[in-house]
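Inspection log for the structure reproduced underneath, given as structure tokens.
Predicted model only: the values in this text are computed from it and were never measured. Read the numbers this way: they start at 1 and go in the same order the structure lists the ligands and their atoms.
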Amino acid sequence: MKIVVCVKQTTDGELNPFDASAYEAALRIPDGEVILLSMGPERTGEMLLNLTRLGAKEAYHLCDKAFAGADTLATGYTLSLAIKKLQPDLVICGRQTVDGDTAQTGPSLSVMADLNLITNVMKIHAVGDLGSNLYEDGTDGTILCRNGIQCEDRDGVLRTVAFPALITVERIHHLRLPSIRSKRGTVVRWTAQDLGADLTRCGTQGSPTRVMASFTNAEGKRKCQYIPLSQLLEAIETGLEKEKNRLQPVSKCETPLSNVWMVGEAPRTFAESISDDITVIDRETFTTEYDTRAFAEKFADYVKQHNPKVILWGSDSWSKAAAPQVAALLQTGLCADCTALETDGDTLFMYRPAFSGNIIAKIVCRTEPAMATVRTMESGNADIVVSVGKGAKEVMTRIEALVAEENAKWRERGIRWDMAASRGAVDTDLQPYSRQVGITGKSVSPAVYLAVGISGAVHHIAGMKQSGTVIAINPDPKAPIFEYADYGVVGTIEEVLPHLQHK
Ligand SMILES: Cc1cc2nc3c(=O)[nH]c(=O)nc-3n(C[C@H](O)[C@H](O)[C@H](O)COP(=O)(O)OP(=O)(O)OC[C@H]3O[C@@H](n4cnc5c(N)ncnc54)[C@H](O)[C@@H]3O)c2cc1C
């Protein structure tokens with residue numbers, strides 16, 4: 001079985017951690033012939049050569065000035081040309097890069113290289129000849145797929161698709177280290193000419209989205225009020241009370257845009273901030289199944305007939321898989337995870353965090369419709385989230401028990417407690433990855449976010465800054481988390497724990 005793993009060297013010269021996970025996933029597949037593929041500048045060749053020591057005998061380096069400055073559409077196009085030459089059974093991509101942070105390239109590439117798609121894979125169950133895992137459609141037992149891949153995704157759903165296929169994986173594996181005796185493989189360099197690329201579809205030229213400006217992002221910073229332990233429960237109550245009045249800001253633009261579509265209700269606040277002429281698209285009109293490809297194909301045809309100016313999407317995993325496929329079919333730009341929109345009545349300006357949220361970029365789209373996924377929160381949010389970091393390691397089980405107990409006690413008031421974690425806690429196996437909040441985890445926005453033993457790295461803040469009230473508990477008064485907290489308790493979790501219990 002031929003497996004191509006798409007890897008990117010991030011701006012700081014490292015292998016993107018999601019791609020490291022993808023590579024490890026590929027190496028674990030029995031009888032897999034693993035090939036690495038990367039588009040990047042000169043120095044990427046060196047990274048690929050080192051990576052071949054882990055098991056891939058060949059790597060392909062797409063390197064040409066014409067590829068520079070590519071957005072996800074142009075990247076998807078360029079990679080798709082290489083995939084068509086290599087003809088793999090399976091392509092594995094990381095869910096997203098940590099510098100670009102869009103999660104669009106995988107779905108976009110799947111359309112352009114004509115591959116079936118599963119996104120957000122947490123576990124590969126079966127691959128190749130599916131044998132007893134033959135996939136049946138449930139109605140008349142028709143076998144849909146004999147040779148393919150079956151994976152569990154982030155929603156815990158088992159999905160099966162036929163080869164050739166592309167999967168995007170979550171950060172589920174650590175990449176192995178090379179053995180001392182390992183040998184390097186070969187790196188083949190392909191230019192635009194080798195790929196027979198249409199230069200108007202590569203690099204900056206082929207990228208419909210443009211960054212117009214960027215600003216330092218102070219978003220998420222709060223004025224912290226330090227409180228004694230005895231006031232902790234009071235602060236939680238204040239947070240819950242404040243939640244009732246937490247309205248999403250709608251600052252309406254003076255000259256609104258016409259013909260704005262939104263897929264589902266999730267982007268409504270964003271749509272209303274730029275337009276009075278909004279059409280809601282019900283995805284079930286196009287397909288009643290989860291299948292994002294079937295939706296994308298039908299919806300893209302519909303868009304071509306009606307020419308909306310803008311299409312907005314939510315940021316749930318379905319939208320994040322469907323939107324890049326629609327963008328690829330329409331050859332239009334898609335801006336990921338916008339936190340604000342603006343317009344002058346003609347152009348849509350999209351604002352999104354970049355580089356782990358340190359910078360906010362202002363982006364426009366040269367093509368129509370301009371598309372954006374907007375940052376809405378993942379569903380299933382609890383009211384009070386207790387998020388634990390490495391500093392809570394001694395009391396992890398006590399905290400878990402406390403959260404379960406409090407959840408039961410507060411149920412009468414209709415208030416749900418839940419756990420979350422920092423990457424520090426996940427990497428040290430104190431918590432499962434499904435709980436990780438942050439740039440390489442999920443986003444949450446509970447009424448109250450209690451950060452316990454979390455230092456407050458920007459990577460973590462990116463996933464929790466939209467919480468209603470943030471309470472930080474940390475013995476280090478200089479811990480950055482206090483800059484992002486409304487209330488702070490300077491103390492160890494061992495001291496604080498008894499004060500968290502509801503009487
Ligand atoms: C590309 C990339 C992506 C990343 N993605 C994420 C992400 O998605 N999510 C994420 O969280 N991180 C992410 N990180 C990691 C991030 O930069 C931090 O390393 C991580 O958040 C630190 O976790 P932590 O706060 O639990 O641990 P630490 O930074 O080690 O902090 C532990 C804290 O616990 C406090 N403490 C110690 N003892 C106690 C005690 N007894 N009681 C209470 N507090 C105590 C300490 O004062 C310290 O502030 C990413 C990093 C990179 C490079």
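Each of the following atoms of ligand 1 lies closer than 4.0 Å to a heavy atom of Val437: 7 (C), 8 (O), 9 (N), 10 (C), 11 (O). Counting the atoms of ligand 1 from 1 in the order shown, those under 4.0 Å from a heavy atom of Thr440 are 3 (C), 4 (C), 5 (N), 6 (C), 7 (C), 8 (O).
Contact annotation for Ala457 and ligand 1: only side-chain heavy atoms (C-beta onward) come within less than 4.0 Å of the ligand. With a 4.0 Å heavy-atom cut-off, ligand 1 is reached by no atom of Glu394. Residue Ile481 does not touch ligand 1, judged by heavy-atom distances below 4.0 Å.
The shortest heavy-atom distance from Pro475 to ligand 1 is under 4.0 Å. Using a 4.0 Å cutoff on heavy atoms, Ala392 does not count as a contact of ligand 1.
For the pair Ser38 (side chain) and Gly40 (backbone), a donor-acceptor distance under 3.5 Å is absent. Listed for the Thr105 side chain is no donor-acceptor partner under 3.5 Å among the backbone atoms of Thr72.
Of the listed residues (Lys442, Lys393, Lys390, His459), the one carrying the non-hydrogen atom nearest atom 51 (C) of ligand 1 is His459. Closest heavy-atom approach to atom 35 (C) of ligand 1 among the candidates Thr492, Asn474, Val98: Asn474. The heavy atom nearest to atom 36 (N) of ligand 1, out of those in Ser443, Gly391, Gly424, is found in Gly391.
Every side chain to side chain contact (heavy atoms under 4.5 Å, CB included) that Ala59 has, sequence neighbours left out, goes to Leu36, Leu48, Thr52, Val187.
Between the side chains of Thr44 and Gln9, at least one donor-acceptor pair of N or O atoms lies under 3.5 Å.
Considering Arg423, Glu170, Arg171 as possible partners of Gln436, the one that fulfils the side-chain hydrogen bond (donor to acceptor under 3.5 Å, both in side chains) test is Arg171.
Taking the six-membered ring for Trp and thresholds of 30 and 60 degrees, Trp318 and Phe295 have ring planes more than 60 degrees apart, a perpendicular arrangement.
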